[in-house]
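Below is one structure; the comments refer to it alone.
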Amino acid sequence: MTMINKNAAQLNAMVVSNKRVGQYHQIILNVGDNAEKCKPGNFVAIKVGGDNSRMVLRRAFAISRVTKNVAFGGTIELIVAPHGQGSKWLCAQQEGALIDVVTPLGTAFGIPTEPVQVLLVGGGYGSAPLFGLAEVLNARGCRVDMLLGASTANKIYAPMEGKRSVNSLRIFTEDGSMGQKGRVTDPIPSLLSDLDIAVVYSCGPMAMLAAINDITMQTEVIHQCAVEESMACGIGICMTCVLPVANAQGEISMLRSCIDGPVMDGALVQWDKVGEVL
Amino acid sequence: MTMINKNAAQLNAMVVSNKRVGQYHQIILNVGDNAEKCKPGNFVAIKVGGDNSRMVLRRAFAISRVTKNVAFGGTIELIVAPHGQGSKWLCAQQEGALIDVVTPLGTAFGIPTEPVQVLLVGGGYGSAPLFGLAEVLNARGCRVDMLLGASTANKIYAPMEGKRSVNSLRIFTEDGSMGQKGRVTDPIPSLLSDLDIAVVYSCGPMAMLAAINDITMQTEVIHQCAVEESMACGIGICMTCVLPVANAQGEISMLRSCIDGPVMDGALVQWDKVGEVL
Amino acid sequence: MSELDLSTTLGNAWFPTPIFTASGCASSGRELAQFFALNEIGGVVTKSVMSKARTGRPTPRMAETPSGMLNSIGLQGPGIDVFIEKDIPYLVSQKARTIVSIAGETVEEYSTLARKLRSVAGISAVEVNISCPNVENRGLVFACDPEASRRVIDGVRRTLGGELPIIAKLSPDVTDLVAIAKGVVDAGADALALINTVLGMVINLDTMRPHLGGKTGGLSGPAIKPIAVRAVYQVHAALPKTPILGMGGISNGRDALEMIVAGASGVSIGTASFGNPTALVTIQNELRELLHAKGFASLRDAVGFAHREEAGK
Amino acid sequence: MSELDLSTTLGNAWFPTPIFTASGCASSGRELAQFFALNEIGGVVTKSVMSKARTGRPTPRMAETPSGMLNSIGLQGPGIDVFIEKDIPYLVSQKARTIVSIAGETVEEYSTLARKLRSVAGISAVEVNISCPNVENRGLVFACDPEASRRVIDGVRRTLGGELPIIAKLSPDVTDLVAIAKGVVDAGADALALINTVLGMVINLDTMRPHLGGKTGGLSGPAIKPIAVRAVYQVHAALPKTPILGMGGISNGRDALEMIVAGASGVSIGTASFGNPTALVTIQNELRELLHAKGFASLRDAVGFAHREEAGK
Ligand SMILES: Cc1cc2nc3c(=O)[nH]c(=O)nc-3n(C[C@H](O)[C@H](O)[C@H](O)COP(=O)(O)OP(=O)(O)OC[C@H]3O[C@@H](n4cnc5c(N)ncnc54)[C@H](O)[C@@H]3O)c2cc1C
Ligand SMILES: Cc1cc2nc3c(=O)[nH]c(=O)nc-3n(C[C@H](O)[C@H](O)[C@H](O)COP(=O)(O)OP(=O)(O)OC[C@H]3O[C@@H](n4cnc5c(N)ncnc54)[C@H](O)[C@@H]3O)c2cc1C
Ligand SMILES: Cc1cc2nc3c(=O)[nH]c(=O)nc-3n(C[C@H](O)[C@H](O)[C@H](O)COP(=O)(O)O)c2cc1C
Ligand SMILES: Cc1cc2nc3c(=O)[nH]c(=O)nc-3n(C[C@H](O)[C@H](O)[C@H](O)COP(=O)(O)O)c2cc1C
Ligand code: FES
Ligand code: FES
């Protein structure tokens, strides 16, 4: 039996840097040797608000990139949107601050054993883990095309250095303020029929993932998506983060997106039943 | 009818400096013009813990000294013991931080109209308001003798510059680590019989105030003491900070130490009934 | 935006805004007047007054708890006669709309209090705090006993006649809050105040005994907000026509709006004023802005909005 | 200090320490085993299991609240058969002392669950979670109805025989907790677990509806600690011989000690594990140090210490 949370550790990570990038903060944390265990798709759970905080739950953030850094040992990068009190607190942490993290958590993106052609689709800060994923796929010899979308330009996260591992990158904004005007899902049907894509990897809002899945279900293409459900614990003990997923036999059960996800096989997720009683 | 809290205002005060002094922190806050309304004996109520704090109540601190400062306008000084989470948070605030304060609150020490001889007795951080008081009394031409006591040396707060307004200062520690070994109350009976003292001013733990009052009650000497009861609001609306006090007719009622105190006539406080049901 | 109609009614009493002090958290009003004009808010709910003067419970009377506090005041107060003589005229002089909170140890005491208030000018409504021990029945709190609750309200209703609206203030420490609410409404309450504090305790680890002089105390503040919202929602669902004065942990405009869409026609602010003497006006301003931002033309449209039918169901 | 005796008993079951997981806050144990060895703590209380598999309530199932959270899981689980087949052997393999929590919708279902557990090796006690809607009686929660509570415990007692201790887990959402406690002890409970979550609600101001899929949820975490301490203190005062497993907001050693001196023989840690996966061991270490610092020779001496006679009274 595989051990749940088997790579996870709770540790105090130092903030190595914290920079604003558009509407997001790029935060680099020193997690030492633990970085070696972090794979694209995994996430960290962070204690927010300091000692006297009224916030009792951790916040989940995707690990965007993992680096082996000479000065600090291993570091992980997060791309954080200042949303509510907890993420705002995180975005306000300065270099040198110590942060209580549990990492790495959750499933990772599956990497093809063959150098196939893949499509990466990200919405908003959902692009964060895709650049780290692209590096791995690229090293495996895959051809990586990427589509990023958001409502507006400064919600697009697309760092310069990230583009190196990507063969093509197209950007879509709903207001047309960057790249093409429209939705990131618009070009997918033609891409899937024109190119020989084996896997679509996606990360972003649930509605986007569901829309992508509608498209891939018409094809033979595998859809690996990183879902985002509210999580109270991040380690599988609370049962709050569930969504309906079928197994190979077609039996549907409520799986925990923190340990059976966030990366899931899109074809098995019962998108129309998310948020319903089974 | 006098207005309750009539000088009080809620304002954001900047931390001008924060220095460790023995076991205490000397914290100077810029309160602008409001400083002019602060008198020895008054206190401030401070919001602690920042935006997401689970601490919902303000913390009360005596105003130690008031200064007119060229750079900042009016400042007030606090002497803070890092006791629990709230006071520790305050002691950790750095220069430049903005702090939400309500000030000045409560009654002030009564100042004699004639230049009489007075004795000031402080326990622990209770000495804080006494130096500001000494300045005022000194300016009025009073002879000011001061006794300070604490369990041990670094709980004695007796700043150099404060001593200027004091004719004599004697220090007592229970462990003998500074000044004389013993209690601050020990010398009071002989001082009251040897010197022509008109008023004893006291500030410190309730047990010390009660002990002083036992002594002054044997004499004609007036005892003005600053009491310290747990306060939820500091402004007279919650009724948590009460203690039994007689009026001129001898009728006892539960007075609020935040608006009818902290400075009270020791002779009227019913020391033996504090904490009892009337 | 200044056009947005914030006015509300509790029974036949009209108030320009839905923001009230909470009983026992504004003393007699004078103390807060330094921080804002008392007629700027919806109204002042006075500290519960009894027929005789009371010195209350022993100290310590408070303990801070995570996102809340316990209090054990024991209804210290001057008694109804001094209250009518000294406190009401002050509130009237400030043009504050006043809801007088009364508390008793017997059904008769509540009626006596109501009788004294009947002829007093300048009162908008009477809040009947039934979270008091009933000395005639083993000290069982009135609000925890459906029959005793009814009898108190019935007595007050008969004494007051039809003029002044009665707001019955209930305790959340019961198995079936809706049943108690229905009982007091049947007995003549025009409106309900929900919720009083939740019974709690803190142990002092220095003395190794209960920290409060009165051992147990009432829990208030943000910690109890989810309990209060649930209470208001449940009772509004069962009694949609009965106005509710909602309270429990409201500290900002969002909290106030949550309570209003759950079913409250007005909200009382208690503990938040201890942390922030200007809380009432801040919350009132935030609520106005939020209602506007959410597209409501008036407060009235927002009351109970969370209960609306789901589209397509 | 390592000498300090932390051991405790609940009925005839012995545990090396008084620190337990809380039902529903440690799943089946495996998830936490990465963070500490399950046999290091007093024991694991498993998620309440029902006779059939259940998918539970719709999402969202949680909302954070000031110093607490609401949950609405709806007892999702694999059903007793799969549980016995898969989860118990794992816990046994880890040498974890195990308290199995059971939940039912009818009195009969509880007895059925007890019957299945009777012959299972490696169980230290059964916790009976009676905070479930009684489908035979208008969905009224068993724990809110003294008679239904008694009947559940009575049925489980008869089925189990005298061997396994029964811990009845009560809800704080009742008018008279002591009466319910007495009833279930009369019916055969060896110990009590106090408290389950407090019913609450959060409104989502984006959708302007109750945030949780199940509308209401259970409030847990530090916010409810004063309610839990009060409940434990009250019940221990009334039933000093009945061991109590105390819970509700315990996040550090001081909280645990507060609960113990109020009258708990053991404590369960729920929500704190969500914020801190190593909470149980941290709390256990802090408790050991605190007991030592306060001069206790054993945990046993501290249980109920806040109730001791006052000197000279
Ligand atoms: C697996 C996973 C990966 C994520 N990766 C990222 C990322 O890379 N960058 C990023 O900016 N955000 C990411 N999020 C979303 C992030 O967790 C939320 O924005 C954050 O929890 C909000 O906390 P808050 O205190 O700022 O907001 P509040 O709204 O005040 O939070 C209140 C509660 O709701 C929960 N919550 C609120 N929004 C979300 C959400 N969108 N998803 C899950 N829980 C939520 C919080 O955790 C908290 O418990 C991720 C979420 C998950 C589950
Ligand atoms: C009029 C007045 C003047 C004071 N002046 C000073 C001063 O000059 N310097 C100084 O260091 N301290 C002073 N204190 C005490 C100071 O208010 C407390 O040390 C502080 O409130 C403790 O808060 P905490 O969060 O650190 O401790 P905690 O113990 O965590 O506080 C918990 C709660 O208890 C209350 N509380 C705890 N201890 C006291 C106490 N001794 N008095 C009143 N309330 C208490 C707190 O306000 C808070 O609500 C004064 C208190 C009063 C009433
Ligand atoms: C210090 C204090 C005193 C109170 N006194 C009374 C009272 O006299 N009568 C009453 O009906 N409620 C009283 N309450 C309860 C409040 O009116 C209110 O119902 C409760 O505190 C919840 O609101 P909050 O969380 O905003 O404080 C008191 C509450 C506090 C904190
Ligand atoms: C997510 C969650 C699930 C829970 N599930 C159960 C359960 O299945 N059975 C039960 O008896 N109690 C359950 N509880 C209640 C806890 O066991 C505990 O009584 C309560 O949360 C108070 O403790 P805490 O504040 O330490 O969490 C659950 C609590 C939470 C937060
Ligand atoms: S977040 Fe707790 S089980 Fe997934
Ligand atoms: S502290 Fe609230 S009345 Fe004095």
Check your understanding: With chain C, which of D145(D), V232(D), L257(D), L70(D) has the greatest number of heavy-atom pairs at distances under 4.5 Å?
Key -> L257(D)
Review point. Between R308(C) and F305(C), is NZ or CZ placed under 6.0 angstrom from the six-membered ring centre and within 45° of the ring axis?
Key: yes
Point to revise | Closest contact, heavy atoms only, M259(C) versus G248(C) | key: CE-O, 4.0 Å
Could you pull out all donor-acceptor pairs under 3.5 Å where a side-chain atom in residues 195-204 of chain C meets a protein atom, sequence neighbours excluded?
{"unit_1": "N196(C)", "atom_1": "ND2", "unit_2": "N129(C)", "atom_2": "OD1", "d": "3.3"}
{"unit_1": "N196(C)", "atom_1": "ND2", "unit_2": "S131(C)", "atom_2": "OG", "d": "3.3"}
{"unit_1": "N204(C)", "atom_1": "OD1", "unit_2": "D206(C)", "atom_2": "N", "d": "2.7"}
{"unit_1": "N204(C)", "atom_1": "OD1", "unit_2": "T207(C)", "atom_2": "N", "d": "3.2"}
{"unit_1": "N204(C)", "atom_1": "ND2", "unit_2": "H211(C)", "atom_2": "ND1", "d": "3.2"}

Check your understanding: Relative to chain D, which segment of L205(C) carries a heavy atom at a distance below 4.5 Å: side chain, backbone, both, or neither?
Key -> both
Practice item. Taking the side chain as every heavy atom from C-beta outward, state whether N71(C) and M69(C) have any atom pair closer than 4.5 Å. Key: yes
Study note, to complete from the structure: So the salt bridge (Lys or Arg N to Asp or Glu O under 4.0 Å) pairs with at least one residue in residues 218-229 of chain C (sequence neighbours excluded) are K225(C)-D255(C), K225(C)-E258(C)
Practice item. Under 4.5 Å, heavy atom to heavy atom: which of residues 213-222 of chain C reach chain D? Give them by number, or say none. Key: K215(C), T216(C), L219(C), P222(C)
Exercise for review: Go through the steps to decide whether S72(D) and R61(D) satisfy the test side-chain hydrogen bond (donor to acceptor under 3.5 Å, both in side chains), and finish with yes or no.
Suggested key: CA-CA 5 Å; S72(D) 146; R61(D) 289 181 171 185; over 6 Å; no
Check your understanding: Do V141(C) and N134(C) have side chains that get closer than 4.5 Å, going by heavy atoms?
Key -> no
Practice item. Using a heavy-atom cutoff of under 4.5 Å, enumerate the residues of residues 168-186 of chain C that contact chain D, numbered in order, or state 'none'. Key: D173(C), V174(C), T175(C)
Study note, to complete from the structure: Separation between CD1 (I153(C)) and CZ (F142(C)), nearest 0.5 Å, reads 10.5 Å
Exercise for review: Rounded to the nearest 0.5 Å, what's the gap from CZ on R300(C) to CG on L6(C)? Could you check?
Suggested key: 10.5 Å
